[in-house]
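Values in this document were obtained by computation on a predicted structure and should not be read as measured data.
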Amino acid sequence: MARAARAVGPRLARCARSAAPRVGRFARTATPRTLRGVGPRTWRYPVGALAAGLALATAAATAAGPWDSTGQRTAERHRAVTLGGVRGTDHGGVAADPGAGAGLPRPAISADPVLRALGRTTGGKQARTGPGVSDLLERLLSDPALGSRQTASVVDLTTGERLYGTGLDTPLTPASTTKIATAVAALAALGPDHRLTTRAVLEPEGDGLVLVGGGDPTLTARPGRRGLADLRTLADRTAEALLDRDLRKVALSYDASLYAGDAEHPIGVNDNLAEVTALMVDEARTDDSVSGPVHRVPDPAEQATLAFAALLAERGVETTSPSESRATKRAVTLASVSSPPLSTLVERMMTHSDNDLAEALARHTALASGKRADFAGASAAIERRLGELGVALEGVRVRDGSGLDRSGRVTARALTDLLVVAADPARPDLRPALTGLPVAGFTGTLAGRYADAGAGVVRAKTGTLSGVDTLSGTVVTRDGRALAFAFLADGTANAAEARTALDSLVTALADCGCR
């Protein structure tokens, strides 16, 4: 633990010194309010967990597992104890002991006792602009790097009050901030504990083995990727079951019929995602990468089945060349493997902007909503789920789960609505949509961004297409307020300059005393 603490760089140390006072100030000054429409209850998604995001500096987001009772990722809780004085709620670990040496971590003042008392709402009051926020943001939004059109929304997550808005209902291309909608809709439709299952089934004739895809793009054939559904484990169990039946040779086929419609995304063949199919291994990647753009195999389902056949051969079961088929209802399941829970999949999708996972979760949202599991059905299912949650959908047009389709539209109001809904203490099932957001300066698509006030206290989903740059998430201000924000820029000429301008907007929020 001491070695890990010494390894933390000077930048993290500066963040650590600044973050704890923010939480402390919030704990001393917060008033007993809560989100609109929610009565008194414990808000377990804490400001403390937001501020403690800088504890992720020593851990890759891929290590993150299920969240704890505060909505904080397990990885954060484990790593927080290596950073003295920077702890949110429910981290556990070693308590501070003045007599036990200076190296032990000490808990920061927790916001949780304050959050438990939150009880009042803003009800139907007209939103007002907080003093100073308008001037601050409008000056920064006028940066030419933000292109020809900009929209923005800033909401206080504690009170539900809108502090700032411009072009609130103007629909613009959201790019990958679409994944916030996908995450919330999938969690609402399926629940955080849902898992995606891949099966090997035996047809009643006795020698027809079918690999049935369950729509899990994280199914892996690589050794050592613990926690994921493993094709090797499936082969172990299948071979054992077949040999128990004295079957050493089988006719192998695969069933990817869970999804419907065209498997190719509207943008065409692209290194940003594979074909959208219910059966693939390692997202059909042609190298050892786990995220980011890379060339994909042309037929992911066939490739997965060929890998399965090779694994069965190593275990003493010979197969025919695989062909496509459809398992009958009479087929007997010999073995199965299941993905991590949906909560973990959502966090992975958000942290790494995983397009394959986004499209898979959109399809599963369609299936859970009684819609056809194609692009149109998934889009309709997402919109339906968001509407049921009270998200303002005027002008919103979901076209896919990933945001790669440029014809999609979303408003700044809808994005902050989504974040407020995900923070609702009455909906803990939606919490992974927040805990999965990349942490500024440390994880995922924000790892290389922010160096000062925003590092560690900003969590946000990025979005970038040619001429489009967006950013939406949460930030803890200098005086301890938790805010949701959405900034969308259209017609940008230089992506790097646009990102810098967006980061300046959020850093200004982090460093302001917004009242």
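Contact between Ala440 and Tyr450 at its shortest, heavy atoms only, is CB-CD1, 3.5 Å. Closest approach of Ala188 and Leu389 over heavy atoms only: CB-CD1, 4.2 Å. Residues Asp400 and Ser379 come closest through the heavy atom pair N-OG, 3.5 Å. Scanning both residues, Leu231 and Ala307, for their nearest heavy atoms gives CD2-CB, 3.9 Å. Among all heavy-atom pairs drawn from Ala358 and Lys179, the shortest one is CB-CE, 4.0 Å. In terms of heavy atoms, Gly456 sits closest to Val439 at CA-CG1, 3.9 Å.
The shortest side-chain heavy-atom distance between Leu209 and Leu312 falls under the 4.5 Å cut-off. Taking the side chain as every heavy atom from C-beta outward, Thr464 and Ser176 never approach each other to under 4.5 Å. The closest side-chain heavy-atom distance from Ile180 to Met350 is below 4.5 Å. Between Val391 and Leu418, the closest side-chain pair of non-hydrogen atoms falls below 4.5 Å. Proximity of Thr151 to Thr411: side-chain heavy atoms (C-beta onward) are nowhere separated by under 4.5 Å. The side-chain heavy atoms of Ile267 and Leu273, taken from C-beta on, include a pair separated by under 4.5 Å. Using a 4.5 Å cut-off on side-chain heavy atoms (C-beta onward), Leu345 and Pro340 make contact. Put simply, the side chain of Thr462 does not reach to within 4.5 Å of the side chain of Leu502, judged on heavy atoms.
A donor-acceptor pair shorter than 3.5 Å cannot be found between the side chains of Thr177 and Ser472. In summary, the side chains of Arg385 and Ser369 do present a donor paired with an acceptor at a separation below 3.5 Å, with no hydrogens or angles considered. Inspection of the Thr328 and Glu203 side chains reveals an N or O donor paired with an N or O acceptor under 3.5 Å. Side chains of His265 and Asn270: no donor on one and acceptor on the other come within 3.5 Å. Arg409 and Thr173 share a side-chain donor-acceptor pair at under 3.5 Å.
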* Give the C-alpha distance, both sets of side-chain angles, the deciding distance and a yes or no for side chain to side chain contact (heavy atoms under 4.5 Å, CB included) between Leu242 and Leu202. => CA-CA 9 Å; Leu242 289 170; Leu202 188 66; 4.2 Å; yes

* Check the pair Arg285, Asp287 against salt bridge (charged side-chain N to carboxylate O under 4.0 Å, His left out), reporting the backbone distance first and the verdict last. => CA-CA 6 Å; Arg285 294 174 177 272; Asp287 63 10; 5.0 Å; no

* To do: Test Asp262 against Asp374 for side chain to side chain contact (heavy atoms under 4.5 Å, CB included), laying out the working first.
  => CA-CA 7 Å; Asp262 195 345; Asp374 58 9; over 6 Å; no

* List the steps, then state whether side chain to side chain contact (heavy atoms under 4.5 Å, CB included) holds for Leu342 with His364. => CA-CA 11 Å; Leu342 190 71; His364 284 282; over 6 Å; no

* For Arg225 and Asp230, run salt bridge (charged side-chain N to carboxylate O under 4.0 Å, His left out): C-alpha distance rounded to whole Å, both residues' side-chain angles, the deciding distance at 0.1 Å, then the answer. => CA-CA 8 Å; Arg225 295 194 67 191; Asp230 185 359; over 6 Å; no

* Asp271/Val294 under side chain to side chain contact (heavy atoms under 4.5 Å, CB included): CA gap, chis, key distance, verdict -> CA-CA 5 Å; Asp271 286 352; Val294 69; 5.7 Å; no

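Of the possible donor and acceptor atoms, one in the side chain of Thr320 sits under 3.5 Å from a partner among the backbone N and O of Leu252. A donor-acceptor distance shorter than 3.5 angstrom exists from the side chain of Ser339 to the backbone of Leu196, with no hydrogens or angles considered. Between the side chain of Arg232 and the main chain of Ala221, a donor-acceptor pair closer than 3.5 Å is present. Panel note: side chain Thr416, backbone Arg413; a donor-acceptor pair is recorded below 3.5 Å. In this structure, the side chain of Arg459 does not engage the main chain of Val457 through any donor-acceptor pair within 3.5 Å. Under a 3.5 Å cut-off, the side chain of Ser336 and the backbone N or O of Thr197 do not form any donor-acceptor pair. Side-chain atoms of Thr178 do not come within 3.5 Å of backbone N or O of Pro174 as any donor-acceptor pair. Under a 3.5 Å cut-off, the side chain of Asp356 and the backbone N or O of Glu283 do not form any donor-acceptor pair. Listed for the Asp417 side chain is a donor-acceptor partner under 3.5 Å among the backbone atoms of Ala392. The backbone N or O of Val398 lies less than 3.5 Å from a partner atom in the side chain of Glu383, making a donor-acceptor pair.
Atom CD of Glu394 is surrounded by 12 or fewer heavy atoms from other residues, nucleotides or ligands within 6.0 Å.
For the atom pair CG (Leu228) and OG1 (Thr233), the distance works out to 10.5 Å, reported to the nearest 0.5 Å. In this structure, the separation between CG on Leu279 and CG on Leu219 is 7.5 Å, given to the nearest 0.5 Å. With rounding to the nearest 0.5 angstrom, the CZ atom of Arg248 is 6.0 Å from the CG atom of Asp246. In this structure, Leu419 CG and Phe485 CZ are separated by 8.0 Å, a value rounded to the nearest 0.5 Å. With rounding to the nearest 0.5 Å, the separation of CZ in Arg499 from OG1 in Thr492 is 9.5 Å. Residue Leu357 holds its CG atom at 6.5 Å from CE of Met349, rounded to the nearest 0.5 Å.
Residues passing the side chain to side chain donor-acceptor pair (under 3.5 Å) test with Ser323, sequence neighbours excluded: none. A search for salt bridge (Lys or Arg N to Asp or Glu O under 4.0 Å) contacts involving Arg195 returns nothing, not counting sequence neighbours. For Arg222, the salt bridge (Lys or Arg N to Asp or Glu O under 4.0 Å) partners are Asp282, not counting sequence neighbours.
Geometric assessment of Arg363 against the ring of Phe375 yields a positive cation-pi assignment under the 6.0 Å and 45° thresholds.
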